[in-house]
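Scroll down for the structure; my scribbles are underneath it.
In listed order, ligands and their atoms are each counted from 1. No hydrogens, no waters, no symmetry mates; every other heavy atom, side chains included, goes into these values.
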Amino acid sequence: MSNEVMSDGIVRDGMKAGDVVVVTGGGGGFGRAFALRLAAMGGRIAIWEKDAESGAQTAALVKASGGEALFIEVDLADRNDIHRAGAATLAAYGTPYCIINNASIFPRYSILDMDEDVFETTMKVNITAPFSIVKFFGPRMIEARRGVILNIASGRAIGGAPKGIGYASSKGAMLTFTKTVALEWARHNIRCNTIIPGVSFTAQPLADTSEEELVERGRKTIPLGRIGYPEDMAGLAAFLVSADASYMTGQAVAMNGGRILVP
Ligand SMILES: NC(=O)c1ccc[n+]([C@@H]2O[C@H](COP(=O)([O-])OP(=O)(O)OC[C@H]3O[C@@H](n4cnc5c(N)ncnc54)[C@H](O)[C@@H]3O)[C@@H](O)[C@H]2O)c1
C-alpha cells in the first residue's frame, strides 16, 4: 500500500512496505492473523506476547511466509515491562507506524465473586497497557507526522458481559480512549480507530465452550450463519491501516455477521 497524492496535493497516507507494526497478544487468534496479514503488506512486525512459545511461533510463521517479524516477550500488566519492550522495539526496528492494541484477558466471574485484584489486573492488561504503549511511542509518532492506532474492543463494550465485569468495563473504556486519541492526535496525522469483533474462532471464546458448540452457535444465532474468523478481522485491519482509510479516525467498526442487529 503506498501513499497517494490527490489533485490538490493532499496525501492520503497509508501503510507502506518497511513500516513497523506492533501487535500485542500476537501469539494467537486475531493477533497472529494481524501479524501475518500486515507482514504480507510489507510491514515489519514486532510481536508483543506474554506466552513465549506462541509468540515465537507467530514470528516463525511470518518469516516462513516471506515477511519480517520479531518476537518480544512482555507482560502487559507490568508498566516497566512495557517500557522495556518499547525500547527493544525502537532499538530493533525504530518508530512504529502502527500499534494494534489486541491483547486482552477475560476472567469469568460474577460481580460478587470477582476478586478486586483480578479486576485491577484486567483493567491493566486491557486498557492501561494500551495507554502506556500509545504514550511511550507517541512522541516519536508525532515527530514522524504519521501513524495508525488500532484498538480491538468487543461487542461486550456495548452490551455488557455477565460474568465479565472487568472485561466489559475495559472494552467500554476502549471506545472513548479511541475517540480521545483520535481527537488529540488528528492534527499530527495519527489516526485511531477501534474494531468491534463478534464471536470468533479463537482461544478466548473457547475458554468456556467447545469448538462444536461455538460453530453451532454461529449457525443458529448469527444472521450470516457463521462465527467470525481471525482472517475476517485481519482483512478489516488491512483496510484500516491503508490509504483507503486515511480519512477515517475515531470510529468503531463492528464485524459480527449481523449479530449486533438481533435483539
Ligand atoms: N475471539 C472473539 O470471539 C473475540 C470477540 C470480541 C473481541 N475479541 C477481542 O479480540 C482480541 C483478540 O482476541 P483473541 O480471541 O484473539 O484472544 P486470544 O485469547 O486468542 O489471544 C490474546 C493474546 O493475548 C495474550 N496476552 C494475554 N495477557 C497478556 C499479557 N498480560 N501480556 C501480553 N500478552 C498477553 C495471550 O497470551 C494471547 O496470545 C481481544 O482484545 C479480545 O478481547 C475477541
Would you mind telling me if ligand 1 is within reach of the side chain of P205, the backbone, both or neither, using heavy atoms under 4.0 Å?
-> side chain
Numbered atoms of ligand 1 (with element) below 4.0 Å of V74, judged on heavy atoms | 32 (N), 33 (C)
Any Lys/Arg nitrogen of D208 or K163 sitting under 4.0 Å from an Asp/Glu carboxylate oxygen of the other?
-> no
Hey, does Y167 come in under 3.5 Å of ligand 1, counting only N/O atoms on both sides?
-> yes
Quick one: do R140 and E143 make a salt bridge, cutoff under 4.0 Å?
-> no
Would you mind telling me which of D75, T89, N101 makes a side-chain hydrogen bond (donor to acceptor under 3.5 Å, both in side chains) with W48?
-> T89
May I ask you to say whether D244 pairs ionically with R12, meaning some side-chain N is under 4.0 Å from a carboxylate O?
-> yes
For V62, does its backbone N or O pair with a side-chain atom of S65 as donor and acceptor, under 3.5 Å?
-> yes
Atom 43 (O) of ligand 1 protein-contacted, heavy-atom criterion under 4.0 angstrom = yes
What part of F201, side chain from CB on, backbone N/CA/C/O, both or neither, has a heavy atom under 4.0 Å from ligand 1?
-> neither
Could you tell me whether S54 approaches ligand 1 through its side chain, its backbone, both or neither, with non-hydrogen atoms closer than 4.0 Å?
-> neither
Could you find the nearest protein heavy atom to atom 14 (P) of ligand 1 and give me its residue, atom name and distance?
-> T202 OG1, 3.6 Å
